[in-house]
Amino acid sequence: MNLHLYNSLTRRLESFQPISPDHVGYYSCGPTVYNYAHIGNFRAYTFEDILHRTLAYAGYTVIQVMNLTDVDDKTIRGSRQSGIPLKQYTAPYIQAFFDDAKALNITPAQIYPAATDHIPEMIALVQKLFDKGLAYKSPDGSVYFSVGKHPTYGKLAHLDRDNLRVGVRMNQDEYDKESFGDFALWKGWDQNDGDVAWDAPWGKGRPGWHIECSAMSMKYLGETFDLHTGGIDNLFPHHENEIAQAEGATGKPFVKTWLHCAHLRVNGEKMSKSLGNFFTLRDLLAKGYTGREIRLVLISAHYRQPLNFTFDALAAAKTSLERLDDCLDRLETLAAGTTPAEPLPGAKLVNQFDTAIADDLNTPEALAAFWKLVREANTEATPTNAAGYLQQFHRLDRILGIVDFGRRPKETIPPEIQTLAQARQKARAEKNWAESDRIRDLLAQKGWQVRDSKDGQTLKPIHA
RNA sequence: GGUGCGAUGGCCGAGCGGUUAGGCAGAGGUCUGCAAAACCUCGUACAGCGGUUCGACUCCGCUUCGCACCUCCA
């Protein structure tokens, strides 16, 4: 597979060539565990999953690291307000994150390092920056990175330092630093931090947000690694600062390829609590939508395009997945007892699928090929090739994750329903349409839909 | 002010300098006793105005509208 990925650093589509021929080092910015992640967060994690799966599909051994930010302003605030120790406060949100990821069929990363378990590594990295003259201590006990001493600062965000200006959300007065572009590597303890503090050579405090990702990614993936992903809003300052910290300390290139996922919108608007369009995954599950439907919606747009999340789209996903399940049931019935025979059917569409995915993870195009395969299977499947079609669907599913996952379960038909169905068969054979229709209505009332075909009738449970 | 992104038929959403995206919804049809499913056909879709071109939804410019980032939001 000739995989091409859009690199935010060069702003170009590039052929992906890993540093090591057979494995890929891949870091993704994970959740800040102060609350439940929302559906927009999960768009990014789902995109990262597609990348993970694509790399595996292409034959690489993937080492994905996703951090858990379990110490920052928000986690500390939450912990203090609820009077629960920090670790205890974040634990349920970490668990919720894993549960939610599972509900979306997201392939687990290989390593999930928590920031609070890697304080020594962060201190060591800050020390290195001190040694190189890139860090300085301020009177308030914090340590800052001196952006002015790092000439390549701004290469990811393409920021011109002369044009940096104080943003509306930046309150200069809260910071005691030499130049306004400088950012905190270490935050000196203050009373709002309560008992959240670690000792460092330069004083008591806690790590800055950016240093955790630099320290943990390099610990597990080395000083230079292949891929780093996150939401587009992390591009600046977070990722820019990660680069400055890592490259400032090691003098080596940090990451070869950066990928950023665009935002999710809700009904064309930015998701926000004040607009009432703010959804967590569990909100949607509670409304009866399934992880499988949500996953399909999330992958139905290209990751670099904003995605407009609507309930209409969710309903469309539900209907199309029913069509998929019908197709799979049909294939399994046809294929019963057989094994796939070469050459496999649908090769042309599988090829289209591969080409689309290899082109910067074009999931919408890949899905188009997938649905064409559904149509082809519905039209062309026979007892001899049905097993082959099933194998092709499972192949594509290694990336999509929507075929087996959350599939309509095969329900055993209760004896009472069996009996009614047989009675209906008999009535039909006698052309007693009134009776057969009466039984059909009765079955529908009991939650079973009847479909007639040449081979007889099939029963399908009706789910509201 | 800086850096970027976007505007595609009822909805979601790809794409390409000339050839069907795909899904859902809707209309008609085939099959069927009917229904369901499946399949087939259908929508005068490319924000506006100029330009380049034999030809532009696709390239260039301008305009309008929207979105993101500019110090801790995925």
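Listed nucleotides A21(B), C24(B), A14(B) differ in distance to A368(A); the shortest reach to its side chain belongs to A21(B). If you check C40(B), G33(B), G13(B) against the side chain of D437(A), the one that comes closest is G33(B). You'll find that the side chain of H38(A) is closest to A74(B), out of A25(B), C34(B), A74(B). Checking A68(B), G13(B), A74(B) against every side-chain atom of Y45(A), the shortest atom distance belongs to A74(B). For S320(A), counting side-chain heavy atoms from C-beta on, the closest listed nucleotide (G23(B), A21(B), C70(B)) is G23(B). Distances from the side chain of A313(A) to the nucleotides A74(B), G13(B), C12(B) place C12(B) closest. In the set G33(B), G66(B), C69(B), the nucleotide with an atom closest to the side chain of D452(A) is G33(B). Candidate nucleotides A35(B), G13(B), A37(B) were compared by shortest atom distance to the side chain of R330(A), and A37(B) ranks first. Between G22(B), C70(B), C72(B), one nucleotide has an atom nearer to the side chain of K187(A) than all others, and that is C72(B).
The six-membered or imidazole ring of F279(A) lies near that of F311(A), with a centre-to-centre distance under 6.0 Å. The aromatic ring centres of F98(A) and Y112(A) sit less than 6.0 Å apart. Aromatic pair F183(A)/H210(A): centroids less than 6.0 angstrom apart.
We find that CZ of F353(A) is positioned 15 Å from C1' of A14(B), with the value rounded to whole Å. We find that CG of L235(A) is positioned 12 Å from P of C5(B), with the value rounded to whole Å.
Rounded to a whole angstrom, the distance from the P atom of G43(B) to that of A38(B) is 22 Å. Rounded to the nearest Å, the gap between the P atom of A21(B) and that of C57(B) is 14 Å. Separation of the C1' atoms belonging to C5(B) and C39(B) is 41 Å when rounded to the nearest angstrom. For the P atoms, the distance linking G48(B) with A7(B) amounts to 13 Å, nearest Å. Separating the C1' atom of C49(B) from that of C70(B) is a span of 32 Å, rounded to the nearest Å.
Under the Watson-Crick or G-U wobble criterion, with both distances below 3.5 Å, U41(B) is paired with A27(B). The base-pairing partner of U32(B), taking Watson-Crick or G-U wobble contacts with both distances under 3.5 Å, does not exist among the strands shown.
In this structure, R304(A) does not reach the G6(B) phosphate: none of its side-chain N or O atoms is under 4.0 Å from OP1 or OP2. The side chain of R451(A) places no N or O atom within less than 4.0 Å of a non-bridging phosphate oxygen (OP1 or OP2) of U32(B). For N308(A), a side-chain nitrogen or oxygen approaches OP1 or OP2 of C12(B) to under 4.0 Å. At U71(B), none of the side-chain N or O atoms of N241(A) fall inside 4.0 Å of OP1 or OP2 (strictly under the cut-off). Taking side-chain N and O atoms only, R323(A) has a distance below 4.0 Å to OP1 or OP2 of G23(B). The side chain of N378(A) contributes an N or O atom lying less than 4.0 Å from OP1 or OP2 of C39(B). Dashed line: the shortest gap from a side-chain N or O of R265(A) to OP1 or OP2 of A68(B) is not under 4.0 Å. Under 4.0 angstrom from either OP1 or OP2 of C73(B) there lies at least one side-chain N or O belonging to K74(A).
Salt-bridge annotation for D397(A) and R53(A): absent, with no side-chain N of the basic residue lying under 4.0 Å from a carboxylate O of the acidic one. Taking the charged nitrogens against the carboxylate oxygens, D73(A) and R206(A) do have a contact shorter than 4.0 Å, which makes a salt bridge. A salt bridge links D329(A) and R407(A); the closest N-O separation between the charged side-chain nitrogens and carboxylate oxygens is under 4.0 Å.
At the heavy-atom level, D72(A) lies nowhere under 4.0 Å from the strands shown. G40(A) comes within 4.0 angstrom of a nucleotide base, judged by non-hydrogen atoms across all strands. When heavy atoms are screened at a 4.0 angstrom cut-off, H210(A) is found touching no nucleic acid atom at all. Across all strands, Q305(A) comes closer than 4.0 Å only to sugar-phosphate atoms, never to a base (heavy-atom distances). Looking at heavy-atom distances under 4.0 Å, K372(A) makes contact with sugar-phosphate atoms alone, never a base. The residue L314(A) sits apart from the nucleic acid: no heavy atom pair falls under 4.0 Å.
Sequence order on RNA chain B of the closest nucleotides to F309(A) and R11(A) puts R11(A) first from the 5' end.
H263(A) contributes a side-chain N or O that forms a donor-acceptor pair with the base of A74(B) under 3.5 Å. One can find a donor-acceptor pair under 3.5 Å joining the base of G33(B) and the side-chain atoms of R428(A). Between the base of A35(B) and the side chain of R440(A) there is a donor-acceptor pair shorter than 3.5 Å.
Within the 4.5 Å cutoff, side-chain heavy atoms of L3(A) are placed close to those of T54(A).
Judged by centroid separation below 5.5 Å and plane tilt below 30°, W371(A) does not stack onto the base of G22(B).
The minimum heavy-atom distance between R424(A) and D452(A), with the atom names listed, is NH2-OD2, 2.9 Å.
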